Protein chains: 2
Amino acid sequence: MNPAPRRSSLARGALFTELDGRTAEILLNAATQRHFASGATLFHQGDAPSQLFQISTGLVRLTRVNPEGEQTTLRFMGAGDLVGCVAVFRQVAFPATATAGKPTNVLCWGSVQILDLMSRHPAISVNALNTVGDRAREMVDRLAEMTDKGTEARVASVLLRLVGQVGRHGPKGLEITTPVTRKDVSEMTGVSYFTASRILGGWQRQGLVWLGRARIVVLDPERLAQVAG
Amino acid sequence: MNPAPRRSSLARGALFTELDGRTAEILLNAATQRHFASGATLFHQGDAPSQLFQISTGLVRLTRVNPEGEQTTLRFMGAGDLVGCVAVFRQVAFPATATAGKPTNVLCWGSVQILDLMSRHPAISVNALNTVGDRAREMVDRLAEMTDKGTEARVASVLLRLVGQVGRHGPKGLEITTPVTRKDVSEMTGVSYFTASRILGGWQRQGLVWLGRARIVVLDPERLAQVAG
DNA sequence: CGACTCGTTGAGACAACTCAATGGGTGTGG
DNA sequence: CCACACCCATTGAGTTGTCTCAACGAGTCG
């Protein structure tokens, strides 16, 4: 769409929060811009982390191959999110595969380069730490959900989290702005495909959600939050 | 046991890795030592994070209250581990309650103080980032386990993780060096108390583990790893 | 010796899973 | 432009694994 976005619009997102102008400038100059077509993969599970990505526009899907060899969706990430941060900072293999869910623009830094920048500019380190901390927190929450919530509550939580991460106000309600299939929902929930379909269908009948093909719109977030407990 | 441990033995653990002598000295001087009796609580879920803890000796249990108001075990932490790191660095409420599982000595820093130290000594930031990153990684792994492994495999994984975190070689095999009840195992696994008991009982009959009161010894880690998939 | 906590085992119920069949959208190629 | 293949979704029927509930055993502590 926009071949040459303004610099100011790029110097946003996780790594840039509360950075002073000069540091932001340095960080931005060190980055290269890349584009991924829908479906293209940013990196594969198991790869050595050579680059850190920050999403400018678009959407990334993180998947994992389970022991049976099937791809399962772990989470989605949208504008401003850091992709691959844990692996890069920690220098271990990527724990998941990242693919573009729609045409996606990213900023990226070589892992050596970003580590160097961080050691020279503590403010960047702080941002990195905050981001990773947030991720850890989310995972703890999700883990707790898995153990002490029933299936319905888990599906509701996943839906609400999706809305928060990649949702937008649309004409009908809170739309999830990316192709999300029942399969995706079921995998993120730890529920079978069919159960997810049945639960969502039930909610549609009650007017909680509107369902389309690979598309979910949340009509009544309050009631859904109630279901989530 | 040892009322005045040598400084060198204290300057170890997550926050001290690869620190040069002078920085380690500064970090250690800023810390205060505290002792917690078995069962004492370091902090409560929901508290504002005023202090960061690093375990010198002993053991800490992290628990969470679920919506029904019951305490459920999240994980254990042993010597060298940072407790409460995400909350302190991120300055959000503790997501869990920490209690000493046995008499425990810790180093602790005020949250303002440690944040200040980190901004002045990037090497400390790096250690913090690594620790938080490891935690995030573990949580992602656990989450994936929950969704794509069966109950037996999950119990096996939890056992192996416990052995790795708080295990020691003993006369019989790999002992888990802390009171771990069936309830703990079931909560960390997302399985009912009774199912956990039955699964463990079955393994005892097959010679995979030895079971005692609030005690589990892994006799055959290889076979257990096989069960874990 | 009680009282308490921790653990085991059995029997029954039910929720979620598996399997199978059907129906609509979407996109492609002749 | 229609036909076909493919993907996504729904629904039903049957099965099973896990949970629930209840009773009992055994170790530990005061």
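Just so it is clear, the structure is predicted and the values come from calculations on it, not from any experiment. Chain A is the first sequence line, chain B the second, and so forth, proteins listed ahead of strands; every chain is numbered from 1.
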Looking only at side-chain N and O atoms, does B:T181 offer a donor or acceptor that is under 3.5 Å from a partner on B:D184? yes
Quantified as the angle between the terminal helix axes (five pairs each), what is the overall bend of the helix from C:dC1-D:dG30 to C:dG30-D:dC1 to 10 degrees? 40°
Residues in residues 152-163 of chain B with a heavy atom under 4.0 Å of DNA chain D, by number, are none
Residues touching DNA chain D, which here means a heavy atom under 4.0 Å, drawn from residues 197-213 of chain B: B:R198, B:R213
If you measure from [atom1] on [X] to [atom2] on [Y], what distance do you get to the nearest 0.5 Å?
X: A:L15; Y: A:L82; atom1: CG; atom2: CG; result: 4.5 Å
X: B:L62; Y: B:T73; atom1: CG; atom2: OG1; result: 9.5 Å
X: B:T178; Y: B:R61; atom1: OG1; atom2: CZ; result: 6.0 Å
X: A:S157; Y: A:R154; atom1: OG; atom2: CZ; result: 9.0 Å

Using ring pair (Phe, Tyr, Trp, His ring centres under 6.0 Å) as the criterion, list what pairs up with B:F94, not counting sequence neighbours. B:F43
Atom of [X], atom of [Y] and distance for their closest heavy-atom approach:
X: B:P49; Y: B:A87; value: CG-O, 3.4 Å
X: A:T131; Y: A:A14; value: OG1-CB, 3.6 Å
X: A:T72; Y: A:E187; value: CA-OE1, 3.2 Å

Rounded to whole angstroms, how far apart are NZ on A:K183 and P on C:dC17? 15 Å
Can you tell me the distance, in whole Å, between the CZ atom of A:F194 and the C1' atom of C:dA20? 9 Å
Name every donor-acceptor pair, under 3.5 Å, that has one atom in a side chain of residues 220-228 of chain A and the other anywhere in the protein, sequence neighbours excluded.
from   : atom 1 : to     : atom 2 : distance (Å)
A:D220 : OD1    : A:E222 : N      : 3.4
A:D220 : OD1    : A:R223 : N      : 3.1
A:D220 : OD2    : A:R223 : NE     : 3.2
A:R223 : NH2    : A:Q206 : O      : 3.1

Just compare C:dC19, C:dC6, C:dC17 and give me whichever is closest to any side-chain atom of B:Y193. C:dC6
Take B:I176 and B:F76 through the side-chain contact (heavy atoms from CB on, under 4.5 Å) test and state the conclusion after the steps. CA-CA 11 Å; B:I176 293 170; B:F76 291 90; over 6 Å; no
Chain B reaches DNA chain D, atoms under 4.0 Å from its heavy atoms, from D:dT18 to D:dT28
Take B:T189 and B:T151 through the side-chain contact (heavy atoms from CB on, under 4.5 Å) test and state the conclusion after the steps. CA-CA 8 Å; B:T189 316; B:T151 52; 6.0 Å; no
I'd like to know if the side chain of A:N105 reaches the main chain of A:S56, judged simply by a donor and an acceptor atom lying under 3.5 Å from each other, with no hydrogens or angles considered. no
